[in-house]
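First up is the structure itself, then whatever we jot down about it.
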Amino acid sequence: MLVLSFKNFRSFLFVFFISLMFMPFTISAATETKTPIQKSDSELTSDEVLETLAYNSYTKHILPRYKVLFLNSQKLNSSMTQFCTDQSASKFDLVKNSFADTVLSFAAIENIHFGPIVKNYRLEKLAYWPDHKGRGLRAVRRLLKAEDRQALSPQKFSEKSIAVQGLTALEFVLFGNGIGNERGNGEKQDFKDLFTADKQGRFRCDYGVRLTANIQQLSGEVYSGWKEQTATIKELLNPSATNEHYRNRKEVILEFYQSVTVEMKKIHDLKIQPLFGRKGKTVKPKRAAFWRSGLSLQVIKTNIEAMDHFVRKSGFKLLLDKSPVDLQFHVSKMFQKIYASFDGFEKQSFRIF
């Protein structure tokens, strides 16, 4: 079962953390990191390993993936606007595809819990989840029921609950109670059931356009923050004893380290385990994120692949190679087991998405 494979991760975390603590560090102010260090891996000092890790994380994982999220959000906004002008099946297919692309590109960088994404609750605004006791969903339904067009103005909308501003709210607008639901006559739910020709249906579409515009704006702000290297980003790439957030490279590496460990725990505790009863016999698929759009399992897979990519591309290998045990082998083995668990997860009776 997929849940069980994550238990091995705890032992890895402990060994990795202890290894990190005993590695030799030189703590000094660094010059601005604009280009990679031109040395072979074996020639790098411990401090240069950390500098390389920060540079690679920024250029090979964080910045390009936020760019993809922003570009996909632009397509999503454009397709939603076109659909509200011409509510055809082909236009709605474009919306569905661009929605899936945006959700998965968000999942591909969801492990980053620092930098511009945490400013002004952007992470929660982009995807309000978990939605404890359905409070966020109730807020979305209230907004739809009220049909208050003033609430859709950019200023008023930004003052609304964070639960009504992002991808999770948009999913309900687009798919209602789920893409697989049937109507009373046994027919599958159609987009026309939600986007009716009356006032309520038009408001739903306009709310969708406001959501996609807001998602594009939030994604753009995060991407620009990393691209333009705001103060926090500069400190991350150039730690110094005089900085507010990152005083040395050891603090930077711990930030990256937590972006893997916290996300792994989040996936285990919040995205997988709640879907099953205590003994793994009771299945509750509607507790999953993005179940209405049928993206739940893809989102979790993308989360895992993102951390795998982050570890491989950022330069964690250099750090692992310097550890007193063969952590590189254990990390690779861990991801292989998780991917294998997904295969078994889909083939067995746990196929719930």
**Request:** Indicate the atoms forming the closest heavy-atom contact of Val140 with Ala169, along with that distance.
**Result:** CG2-CB, 3.7 Å
**Request:** Report the C-alpha separation of Phe191 and Phe175 in whole Å, then their side-chain angles, then the decisive distance to 0.1 Å, and conclude whether the ring pair (Phe, Tyr, Trp, His ring centres under 6.0 Å) test is met.
**Result:** CA-CA 7 Å; Phe191 72 89; Phe175 304 105; over 10 Å; no
**Request:** Measure the shortest side-chain to side-chain distance between Leu123 and Phe106 over non-hydrogen atoms and say whether it is less than 4.5 angstrom.
**Result:** yes
**Asked** Is a side-chain donor or acceptor of Arg292 paired with a backbone partner of Val173 at a separation under 3.5 angstrom?
**Response** no
**Asked** Are Val118 and Tyr66 connected, step by step, through hydrophobic side chains (Ile, Leu, Val, Met, Phe, Trp, Tyr) whose heavy atoms are closer than 4.5 Å?
**Response** yes
**Item:** Gln298 (side chain) donor-acceptor with Leu104 (main chain) under 3.5 angstrom
**Value:** no
**Message:** I'd like to know if the side chain of Glu235 reaches the main chain of His245, judged simply by a donor and an acceptor atom lying under 3.5 Å from each other, with no hydrogens or angles considered.
**Reply:** yes
**Item:** Backbone of Lys96 reached by a side-chain donor or acceptor of Asp93 within 3.5 Å
**Value:** no
**Request:** List the atom of Pro285, the atom of Trp291, and the distance in Å for their closest heavy-atom pair.
**Result:** O-CB, 3.8 Å
**Message:** Would a single hydrophobic cluster contain both Phe335 and Val299, if residues Ile, Leu, Val, Met, Phe, Trp and Tyr are joined by side-chain heavy-atom contacts under 4.5 Å?
**Reply:** yes
**Request:** Please round to the nearest 0.5 Å and tell me the distance separating atom CD1 of Ile272 and atom CD1 of Ile267.
**Result:** 7.0 Å
**Request:** Establish whether Tyr128 and Phe157 are linked, either directly or via other cluster members, by ILVMFWY side-chain heavy-atom contacts under 4.5 Å.
**Result:** no
**Message:** What I'd like to find out is whether the side chain of Arg210 reaches to under 4.5 Å of the side chain of Pro154, using heavy atoms alone.
**Reply:** yes
**Complete:** Closest non-hydrogen atoms of Ala213 and Asn77, given as atom of the first, atom of the second and distance, are N-OD1, 3.5 Å
**Request:** Mind checking side chain to side chain contact (heavy atoms under 4.5 Å, CB included) for Asp101 and listing every partner two or more places apart, or none if nothing turns up?
**Result:** Asn72
**Prompt:** What's the spacing between Glu263 CD and Ile304 CD1 if we round to 0.5 Å?
**Reply:** 8.0 Å
**Partner residues of Glu110 under the side-chain hydrogen bond (donor to acceptor under 3.5 Å, both in side chains) criterion, sequence neighbours left out** = Lys266, Lys271, Asn303
**Prompt:** Apart from Trp129 itself, which Ile, Leu, Val, Met, Phe, Trp or Tyr residues share its cluster (side-chain heavy atoms under 4.5 Å, direct or through members)?
**Reply:** Leu270
**side chain to side chain contact (heavy atoms under 4.5 Å, CB included) assessment of Ile109 paired with His61** = CA-CA 8 Å; Ile109 194 63; His61 183 82; 3.8 Å; yes
**Request:** Please tell me if the side chains of Leu275 and Lys284 come closer than 4.5 Å, counting only heavy atoms from C-beta onward.
**Result:** no
**Prompt:** Same hydrophobic cluster for Leu144 and Leu211, using side-chain heavy-atom links shorter than 4.5 Å among ILVMFWY?
**Reply:** yes
**Message:** As a quick check of understanding, evaluate side chain to side chain contact (heavy atoms under 4.5 Å, CB included) for Ser73 and Thr212, giving each step before the final call.
**Reply:** CA-CA 7 Å; Ser73 70; Thr212 57; over 6 Å; no
**Asked** Side chains of Arg135 and Arg138: closer than 4.5 Å at any heavy-atom pair?
**Response** yes
**Prompt:** Between Phe195 and Phe83, is the gap from one ring center to the other below 6.0 Å?
**Reply:** yes
**Request:** Measure the spacing between NZ of Lys60 and CZ of Arg65 and express it to the nearest 0.5 Å.
**Result:** 13.5 Å
**Asked** Do Asn238 side-chain atoms and Lys234 backbone N/O form a donor-acceptor pair below 3.5 Å?
**Response** yes
**Message:** Can you pull out every side-chain hydrogen bond (donor to acceptor under 3.5 Å, both in side chains) where at least one residue sits in residues 143-164? Sequence neighbours excluded, please.
**Reply:** Arg149-Asp206
**Request:** Starting at CG of Asn120, measure out to CD1 of Ile162 and round the result to the nearest 0.5 Å.
**Result:** 11.5 Å
**Contacts of type ring pair (Phe, Tyr, Trp, His ring centres under 6.0 Å), residue Phe203, not counting sequence neighbours** = none
**Request:** Determine the minimum heavy-atom distance between Ser79 and Ser98, stating which atoms define it.
**Result:** OG-OG, 2.8 Å
**Pairwise side-chain contact, Asp131 with Thr168, heavy-atom cut-off 4.5 Å (strictly under)** = no
**Request:** Taking side chain to side chain contact (heavy atoms under 4.5 Å, CB included) as the test, write out the residues that go with Ser78, two or more places apart.
**Result:** Gln82
**Request:** Verify, without hydrogens or angle tests, whether Asn214 (side chain) and Leu218 (backbone) share a donor-acceptor contact under 3.5 angstrom.
**Result:** no
**Asked** With Thr102, which residues qualify under side-chain hydrogen bond (donor to acceptor under 3.5 Å, both in side chains), at least two apart?
**Response** none
**Message:** Can you give me the closest heavy-atom contact between Phe172 and Leu137, atom names plus distance?
**Reply:** CD1-CD1, 3.5 Å
**Asked** side-chain hydrogen bond (donor to acceptor under 3.5 Å, both in side chains) with Glu255: which residues, sequence neighbours excluded?
**Response** Tyr246
**Prompt:** Taking atom CD1 of Ile215 and atom CG of Leu76, what is their separation to the nearest 0.5 Å?
**Reply:** 5.5 Å
**Message:** I'd like to check the side chain to side chain contact (heavy atoms under 4.5 Å, CB included) partners of Ile233; sequence neighbours left out, ordered by chain and number.
**Reply:** Tyr58, Pro116, Trp226, Gln229, Thr230, Leu237
**Item:** Single-linkage hydrophobic cluster, 4.5 Å side-chain cutoff, Leu174 and Val164 together
**Value:** yes
**Prompt:** Checking side chain to side chain contact (heavy atoms under 4.5 Å, CB included) for the pair Thr232/Phe114: CA distance, chi angles, key distance, verdict?
**Reply:** CA-CA 9 Å; Thr232 304; Phe114 55 89; over 6 Å; no
**Asked** Given the rule in the salt bridge (Lys or Arg N to Asp or Glu O under 4.0 Å) test, do Asp198 and Arg202 qualify, once you have shown the distances and angles that lead to the verdict?
**Response** CA-CA 6 Å; Asp198 57 12; Arg202 289 195 298 272; over 6 Å; no
**Partners meeting side chain to side chain contact (heavy atoms under 4.5 Å, CB included) with Asn97 (sequence neighbours left out)** = none
**Spatial distance of atom CG (Leu63) from atom NZ (Lys227) [nearest 0.5 Å]** = 8.0 Å
**Asked** salt bridge (Lys or Arg N to Asp or Glu O under 4.0 Å) with Arg204: which residues, sequence neighbours excluded?
**Response** none
**side-chain hydrogen bond (donor to acceptor under 3.5 Å, both in side chains) against Asp86, all qualifying residues, sequence neighbours excluded** = none
**Message:** Test your reading of the model: is there a side-chain donor-acceptor pair from Ser240 to the backbone of Arg247, 3.5 Å cut-off?
**Reply:** no
**Asked** Val222 and Phe70: side chain to side chain contact (heavy atoms under 4.5 Å, CB included), yes or no, with the steps?
**Response** CA-CA 9 Å; Val222 176; Phe70 175 54; over 6 Å; no
**Asked** Do you know the tightest heavy-atom contact between Ala100 and Leu295?
**Response** CA-CD1, 3.8 Å
